[in-house]
Amino acid sequence: MKPDLEVNLAGLRLKNPVLTASGTFGFGLEYARLVDLGAIGAVVLKSVTLHSRQGNPPPRVTETPAGMLNSIGLENPGAPAVVSKVVPELKRLGVKVIASVAGETVEEYGEVARRFAAAGVDAIEVNLSCPNVARGGLTFGCTRGMAAAVTAAVRQAAGDLPVFAKLGVTGGNLLEIAGAVAEAGASGFSLINTLPGLAVDLRQRRPVLGNVTGGLSGPAIKPVALWAVWQVYKAFKLPVIGMGGIMSTSDALEFFLCGATAVAVGTGNFVNPRLTTEIVAGLEKALAAEHVSDIKELIGAAHNGK
Amino acid sequence: MKPDLEVNLAGLRLKNPVLTASGTFGFGLEYARLVDLGAIGAVVLKSVTLHSRQGNPPPRVTETPAGMLNSIGLENPGAPAVVSKVVPELKRLGVKVIASVAGETVEEYGEVARRFAAAGVDAIEVNLSCPNVARGGLTFGCTRGMAAAVTAAVRQAAGDLPVFAKLGVTGGNLLEIAGAVAEAGASGFSLINTLPGLAVDLRQRRPVLGNVTGGLSGPAIKPVALWAVWQVYKAFKLPVIGMGGIMSTSDALEFFLCGATAVAVGTGNFVNPRLTTEIVAGLEKALAAEHVSDIKELIGAAHNGK
Amino acid sequence: MIYEVEIVTQRKVATGCYRLEMYAPEVAQTAQPGQFLMLKTSITLDPLLRRPFSINTVDRDRGLVKILYRVVGRGTALLAGRKLGRRLSIFGPLGRGFTVPANGRFLVVAGGLGIAPLYFLIQRLKALGNEVVVFYGAQNRFKLLLLEELAAMRVELFTATDNGSSGHKGTVVDLLRTKGIPPADLIYAAGPPPMLKALAALLREAEMPRAEFSLEERMACGAGACRGCAVKVIAEEGPVYKRVCADGPVFLAGEVVWE
Amino acid sequence: MIYEVEIVTQRKVATGCYRLEMYAPEVAQTAQPGQFLMLKTSITLDPLLRRPFSINTVDRDRGLVKILYRVVGRGTALLAGRKLGRRLSIFGPLGRGFTVPANGRFLVVAGGLGIAPLYFLIQRLKALGNEVVVFYGAQNRFKLLLLEELAAMRVELFTATDNGSSGHKGTVVDLLRTKGIPPADLIYAAGPPPMLKALAALLREAEMPRAEFSLEERMACGAGACRGCAVKVIAEEGPVYKRVCADGPVFLAGEVVWE
Ligand SMILES: Cc1cc2nc3c(=O)[nH]c(=O)nc-3n(C[C@H](O)[C@H](O)[C@H](O)COP(=O)(O)OP(=O)(O)OC[C@H]3O[C@@H](n4cnc5c(N)ncnc54)[C@H](O)[C@@H]3O)c2cc1C
Ligand SMILES: Cc1cc2nc3c(=O)[nH]c(=O)nc-3n(C[C@H](O)[C@H](O)[C@H](O)COP(=O)(O)OP(=O)(O)OC[C@H]3O[C@@H](n4cnc5c(N)ncnc54)[C@H](O)[C@@H]3O)c2cc1C
Ligand SMILES: Cc1cc2nc3c(=O)[nH]c(=O)nc-3n(C[C@H](O)[C@H](O)[C@H](O)COP(=O)(O)O)c2cc1C
Ligand SMILES: Cc1cc2nc3c(=O)[nH]c(=O)nc-3n(C[C@H](O)[C@H](O)[C@H](O)COP(=O)(O)O)c2cc1C
Ligand code: FES
Ligand code: FES
């Protein structure tokens, strides 16, 4: 018998719990020729701001030990373009869509969320790692107050849709921030965003990235991501989308055991564009082999007795 | 001509800027047969508490992608034993000694620092990543108040000795905490301590480490460490001891360019116990090859124009 | 697009330079000059990302694809150590290649490893019976690769080396400036950024026609999704970032903003 | 203590099990049974740490050292793929090995790969002319390694396999219980933790004399510095953590706290 991979993410029913991580799968359509988009639990879109943004000067990516740094700088065509061109096409393909909203002000977050909700996406993810212009570049996720304000604005704009607050682990205390966004109405969490990082070009004696610093992702950060999922699952009752360094079915299973209700593949897409669908198949196989009839049995299972 | 590797770390003159990272080189003596301890800039001792501590249940270490997790749990024989047995022996061998102090209360930190200062160590490092028993396990480095209180207590106990505050990058805002400890009298910073992390034993469906969570170190965290050094160097005038994933002379150079006045080798010692002295030799060679007569020319050099 | 292929031959063609041949019939069938492959160089998590390499030539009948590369870091070092018969994961062909007009006179300007994609282009242009003039520069004569193969194709070849060990002493752009740019319907170039920048300046001065340049930038996905490989180009609405992997790697010299 | 050595031979001795021989004259000269080496299995940063392997035997005259290992993860998989003649970085010999008394009657109990260090011990004990009885258990008969070599040393050998394909059907501890523990001045054991735990219980019941067990724990430094390889033992002051790498890997069965 086929194991049951269906999960319920705060009301969002997914046929399987394998998503794409925001910013690592474009708007999905880039991979349409290569990946069966309909076989992925849901596609999380690249973060979108209200107006189009050009992003940071190159170089924007560089490799680090078992990881990579990026400083894309939220390059995106703006909410109106994505809402009118991308969302309908994905819906036509039968893809579940989670929009990732970003902004420079609380109001911008709310407005972007409103437009995506109106466009009929299935859920909203709030990228709290954007710099707050009013606070001189401190990211919204850094303080309880800012994180809660953004989450509340999105919550209000999103109507009935589930809202997932996406958190990093630096800048503030993870559990404090998570508590604040939960209170502000988040339906669940996305964990984790990239860690801050920098790479040096020795020959030129300057930072590799045009933007000096960037976000660290990939297998290097997997232990930190598992820690974050473990802590937040233990402290809160809300569902968690786990991500950070997932490169295989085994990696995904580790996240479920720590408490993730769904997982997202980020950097792994770059190495293997079909990783999401391969993990879906891999989970079916692994669960069958271990006589687990339902993935939900595994969620948080490593907490037993801890 | 031999390049000049001498540096001045807040008054502590070192013949070269390559140190061992606390906890990764024991008390130095473990490596005495294998490494020329006198050739290392300074040996930073394993963190010591007032009384002996048994540490955490095994397993205590496990490998992760390009890194490792440890949960040693501050196992150490207590300050009296280290002060009477270890410090005199290291001094006899002509080794510069930086003691790393830890504790469960502000008072304990102060008392340990006092004993090491009396024993004649060359500087004190304050390990701010210890859990504060009075605050239910929140580490001292998490809040400005606690970090400042501990630093002030050690500062007072340390007499004339330089005091380096060792910070992590999670739990609180790095620059805020750094500012607080600077104000409380830190002579400089040690950056970075391990990141929090967790590894899962899939077969047994439980965390690998006996202590559930541990600290992530090694090349995986190098980009985060370089970022931290970069930020703190830019924001403060105080010297920085940089560490995190240093496995080669090139890695060390990257830290100098970002603003470190000295570097410390941690996990790298496990892979190559002679890495510190090899980096000393490697720096001499690299500087000579690039016609740099003094390592101090490189400190912070990547900041030019940024 | 993603294949596990076998390494058929791997030959050292100069110090630190290798030509690797793999059996990849689907790629051989569809690849166009200027397109590239993303190769996984390691079976462990370090190095992590795929590395981009231009398609150097294909043999459609035998299903073979070659790349020509230089060892510059860990990924290429691991690749050079790969044994024959070993499997290699490739992703491609990717990107938008060069225009290959049915007829005309063409000028090809190669710098260093820039010969890798241009060789494939020259083959196609010559196969169509066109006249092709090649200007080719490198550090020294040992680094001028595929000279015999070029000679066999009977292209008109001018070389330049930094030390004068073959051809003109100086850069290939110096040589072009000295000899004068031959008449051409279309100019193609690939090579290190300083060379391309200098060539773009020369062409602008000379008010020369369309030129297609193959650019390089650090890549993560190679598929147009991550926006990591940004290059600034002039569009109608002003300067914008385009993606080397999906909008390029071939761009018009005139549209690139050289920084 | 740290050497770059050459791989001289590497042989598959059973499914997933290999015996690797390296030229390491200094190690061959000083190594004692029960000591181990820390090997670097990769030239990249992943896998990162060295892996501990018992010294399986040495040939002092020819300067050779062997290890016997099973592929269980990435490090051992990479090791199994290493070509002959390739260089390998080793650190050792490390740890405190078995006591090797000049004479007496000895019982050796091996489980699975536990034979790796015990084989070296048996060689030494036999070389001193001692009487050695070996109880050796494994999953099945194909996993009983070095049987010919043991036979050649004329030890008294009793085997046990989980499926009964050789010797007693059951664990080696069951076998000991069934046959009765032979008289011995000193007992040695190495094998998986459940086996050692069961054996320790049996020996306690039987009020048997001193037994030396070789333990395993995950290691980082192998040199006694990191305190990563903790094992709980009873000391005068009560239970304390000792270091498998520096205080062991050989401990007295009676002092270990089995958890
Ligand atoms: C479209 C495209 C086609 C290419 N075709 C070829 C080719 O045919 N032959 C060939 O030898 N090389 C080619 N390159 C460059 C090649 O991808 C890099 O040399 C390779 O990725 C280096 O990998 P590494 O692990 O050895 O080096 P790393 O250790 O990753 O880096 C070493 C140095 O190489 C440079 N580098 C790294 N990645 C890139 C990159 N993506 N682009 C440019 N420079 C980089 C950096 O300056 C770095 O300092 C191409 C690049 C692109 C983008
Ligand atoms: C003192 C000592 C001597 C040893 N001698 C031998 C020997 O002679 N032959 C042999 O085959 N093996 C021996 N081992 C075990 C060997 O070190 C591990 O099998 C090896 O480190 C696994 O590396 P890996 O990268 O293949 O596996 P990994 O991918 O690191 O891990 C795979 C699995 O192996 C287990 N493992 C990992 N590291 C260790 C460790 N240090 N100790 C125990 N289990 C571990 C874990 O359960 C893990 O799930 C010894 C271990 C110690 C501590
Ligand atoms: C190139 C790149 C771009 C990213 N862009 C975004 C983004 O726009 N919004 C967002 O919330 N996270 C973004 N992320 C973070 C990922 O969604 C994910 O949280 C992180 O990379 C960790 O997962 P991974 O290790 O699997 O990549 C980006 C990551 C990468 C590598
Ligand atoms: C096994 C181990 C034990 C450590 N113990 C301590 C400690 O006692 N005190 C401390 O301040 N840091 C300790 N650290 C952190 C290191 O000093 C260092 O900050 C960190 O490992 C990053 O450097 P690396 O990546 O080079 O290891 C320990 C690290 C490891 C790996
Ligand atoms: S490399 Fe990802 S968009 Fe070009
Ligand atoms: S492995 Fe470091 S003390 Fe044993």
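Chain letters run A, B, ... following the sequence lines, proteins first, then strands; residues in each count from 1.
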Please tell me whether [X] and [Y] have a donor and an acceptor in their side chains that are separated by less than 3.5 angstrom.
X	Y	value
C:R218	A:T62	yes
A:S47	A:N127	yes
C:R50	C:S89	yes
A:S129	A:N193	yes

Among [options], which residue forms the greatest number of heavy-atom pairs with chain C at distances under 4.5 Å?
options	answer
A:G67, A:A66, A:G23	A:A66
A:L29, A:T24, A:N70, A:L34	A:L34
A:R274, A:Q54, A:E63	A:E63
A:G28, A:G245, A:P273	A:P273
A:S71, A:A220, A:G218, A:P57	A:P57

Legend entry - Proximity of C:F213 and C:F251 rings by center, below 6.0 Å: no
Inset, instruction - Flag the pair A:E104 and A:R53 as a salt bridge only when some basic side-chain nitrogen lies within less than 4.0 angstrom of an acidic carboxylate oxygen. - result: yes
Legend entry - Salt bridge C:E212-C:R210, side-chain N to carboxylate O under 4.0 Å: yes
Segment of [X] engaging chain A (4.5 angstrom heavy-atom cut-off):
X	result
C:M219	backbone
C:P47	both
C:F91	side chain

Legend entry - Residue A:Y31 versus chain C: region with a heavy atom under 4.5 Å: side chain
